[in-house]
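Down below is the structure, laid out as structure tokens.
Below, chain A is the first sequence line, B the second, and so on; all start at residue 1.
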2 protein chains.
Amino acid sequence: MPQAPAAQAGRKPSRIQLRNRKRILEAALEVFSTHGFRGTTLDQIAAEAGLSKPNILYYFEGKEEIHVTLLNQLLDAWLAPLRAIDPQGEPLEELMGYVGRKLEMSRDLPRESRLFANEILQGAPRMGPHLESVLKPLVDQTAAVIDGWVRQGRLAPVDPRHLLFSIWATTQHYADFEAQVGVLMRDVDVHTGASAHIEALFRRLLTPEVTAGSGETRTLGH
Amino acid sequence: MPQAPAAQAGRKPSRIQLRNRKRILEAALEVFSTHGFRGTTLDQIAAEAGLSKPNILYYFEGKEEIHVTLLNQLLDAWLAPLRAIDPQGEPLEELMGYVGRKLEMSRDLPRESRLFANEILQGAPRMGPHLESVLKPLVDQTAAVIDGWVRQGRLAPVDPRHLLFSIWATTQHYADFEAQVGVLMRDVDVHTGASAHIEALFRRLLTPEVTAGSGETRTLGH
DNA sequence: TCGTAAGTTTACCAAATGGTAAAAAAGCGA
DNA sequence: TCGCTTTTTTACCATTTGGTAAACTTACGA
């Protein structure tokens, strides 16, 4: 077999190989995230990467492999903030920190967010198993932690999974629906306002009620 | 010109025409909402509608016209709950009613939600002007109403636009990310839990703080 | 029931697109 | 510098896909 860097799993990749694979993935992220899988052509990726189409197929077995590679890389980065929640920490601050980190990701990595949204929107055809084997266990685990906090009375009662859904939804909205947000909030610093709003939203939800009827001041702003 | 029901704007449509256009739009909604615009083929729509491809092109000028027709129909239905907010009503209940109606729509019309999400995700290439001319004025108007309520102290201070974003995000999440929600909440009545969670989320956010330090019980559940 | 218009089908086509073969060019260790 | 491997390009190809032409069939008012 004369040549086959695309399929080869073993052997250390050359410098050129490393550089070009990175270029291709960067270009593919750009194109896939705005046009979806079917809406993206290899020619578009090739043009964006500054390589020829056959050259791209020298590094990847096909369009699908590029897409799957991106998706898998993405999920890890995506779940990092969730893994960073410390079961030993202060519940409210752990969760608010998570909210903040997710919002930052939406601002700094909007293409990744849209790539993921595109995939899920279409029924996760290339990610289903991954969600099952990677996302689900992590969410189950996190849900147990949050449930524990709630039972200890250190957090207002919430369904952990619905809580996570609403955190994901509100934070990713700014990346995924940017076209809509842009129409409705032109020339404004969207992120600052979003941050304040979302922090208030979840802090109010999660702050435990004062137990008895004592007129104690709550920890909310003003 | 011998025949051209696709292009004709005038004249009243025949019974057959009405029936088949409806069939096509229903089939197209099904397919577009799961595969996106580029991911959908006319053959798929034809098969789903039980018609031949040329027959479909007898009723619509092309793939694009079908998609645009769906999108325009959709936006009206989508905005109805927003129009239903009564500036004269009780602020908290008006907004909670809106939240509830949006959540119902997400449950009852998930395909429409996904169709819309797909379009916005890709930068609203076929909807941009419509968002500008229809959505924006309505949102501006609603934002003014909410702002008024806040200034009257009948609502906790919120940014109206970010409030709308978070309502849209949380409610539509259940339709748009159904593939993910399904993995994480198998065999559970998702809607009931979602409803309780989202109602708590926004009721807490929007309920105005009691002015002074009186230890009055708030209107929240337990 | 007959004629015309509306509706449907069959048979195509041109362009776009994912992918391949094989030759040419560039790298690079000895 | 030589010779072998890696990388890149040129020239294709088969399939898919949006769309059309024109023949054929059905509906329906006079």
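At whole-Å resolution of the value, CZ in A:F60 and P in C:dG18 are 16 Å apart. Rounding to whole angstrom units, CG of residue A:D43 and P of D:dT9 are separated by 14 Å. Rounded to whole Å, atom P of D:dT8 lies 13 Å from atom CZ of A:R21. Taking atom CD on A:Q44 and atom C1' on C:dG18, their separation rounds to 13 Å, with Å as the unit.
Partners of A:R101 according to the salt bridge (Lys or Arg N to Asp or Glu O under 4.0 Å) rule, which considers only residues two or more places apart in sequence or in another chain, do not exist here. Taking the side chain to side chain contact (heavy atoms under 4.5 Å, CB included) definition, one finds that B:M105 meets it with B:W78, B:P81, B:L109, sequence neighbours left out. Scored by the side chain to side chain contact (heavy atoms under 4.5 Å, CB included) test, A:A143 finds A:P160, A:R161 as partners (sequence neighbours excluded). Legend: residues meeting salt bridge (Lys or Arg N to Asp or Glu O under 4.0 Å) with A:K22, ordered by chain and number and at least two apart, are absent. In this structure B:K63 satisfies the salt bridge (Lys or Arg N to Asp or Glu O under 4.0 Å) test with no other residue, sequence neighbours excluded. Residues that satisfy the salt bridge (Lys or Arg N to Asp or Glu O under 4.0 Å) test with B:E94, not counting sequence neighbours, are absent from this structure.
Listed by first and then second residue, the salt bridge (Lys or Arg N to Asp or Glu O under 4.0 Å) pairs involving residues 36-49 of chain B are B:D43-B:K53 (not counting sequence neighbours). Among pairs with a residue in residues 171-180 of chain A, those fulfilling salt bridge (Lys or Arg N to Asp or Glu O under 4.0 Å) read A:R114-A:E178, at least two apart in sequence or across chains.
Comparing B:R19 and A:T40 by the nucleotide of DNA chain C that holds the closest heavy atom to each, the one mapping nearer the 5' end is B:R19.
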Report, one line per pair, each donor and acceptor closer than 3.5 Å where one atom sits in a side chain of residues 116-132 of chain B; sequence neighbours left out.
{"residue": "B:E119", "atom": "OE2", "partner": "B:R126", "partner atom": "N", "Å": "2.7"}
{"residue": "B:E119", "atom": "OE2", "partner": "B:M127", "partner atom": "N", "Å": "3.0"}
{"residue": "B:R126", "atom": "NE", "partner": "B:H67", "partner atom": "ND1", "Å": "3.3"}
{"residue": "B:R126", "atom": "NH1", "partner": "B:E64", "partner atom": "OE2", "Å": "3.4"}
{"residue": "B:E132", "atom": "OE1", "partner": "A:R186", "partner atom": "NH2", "Å": "2.8"}
{"residue": "B:E132", "atom": "OE2", "partner": "A:R186", "partner atom": "NH2", "Å": "2.7"}

Listing time: all N or O pairs from protein to nucleotides 26-30 of chain D that are below 3.5 Å?
{"residue": "D:dC28", "atom": "OP1", "partner": "B:R15", "partner atom": "NH2", "Å": "3.2"}

Please write out the pairs of protein N or O atoms and N or O atoms of nucleotides 19-21 of chain D separated by less than 3.5 Å, giving the distance to one decimal.
{"residue": "D:dG19", "atom": "OP2", "partner": "B:K63", "partner atom": "N", "Å": "2.9"}
{"residue": "D:dG19", "atom": "O6", "partner": "B:K53", "partner atom": "NZ", "Å": "3.4"}

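Taking the six-membered ring where the residue is Trp, B:H173 and B:F177 present parallel rings, their angle staying beneath 30° rather than reaching 60°.
Under 4.0 angstrom from either OP1 or OP2 of D:dT10 there lies no side-chain N or O belonging to A:N55. Note on B:S52: a side-chain N or O is less than 4.0 Å away from OP1 or OP2 of C:dT9. Between D:dT9 and A:Y58, no contact under 4.0 Å exists linking OP1 or OP2 to a side-chain N or O. Listed pair B:Q17 / C:dG7 meets the phosphate criterion, a side-chain N or O lying under 4.0 Å from OP1 or OP2. Neither OP1 nor OP2 of C:dA6 sits under 4.0 Å from any side-chain N or O of B:N20.
In this structure, B:E65 contributes its side chain and B:E61 its backbone to a donor-acceptor pair below 3.5 Å.
For the segment residues 25-38 of chain A, no residue has any heavy atom less than 4.0 angstrom from an atom of DNA chain C.
Residue A:T41 is in sugar-phosphate contact alone, with no base atom involved, counting any heavy-atom pair closer than 4.0 Å across all strands shown.
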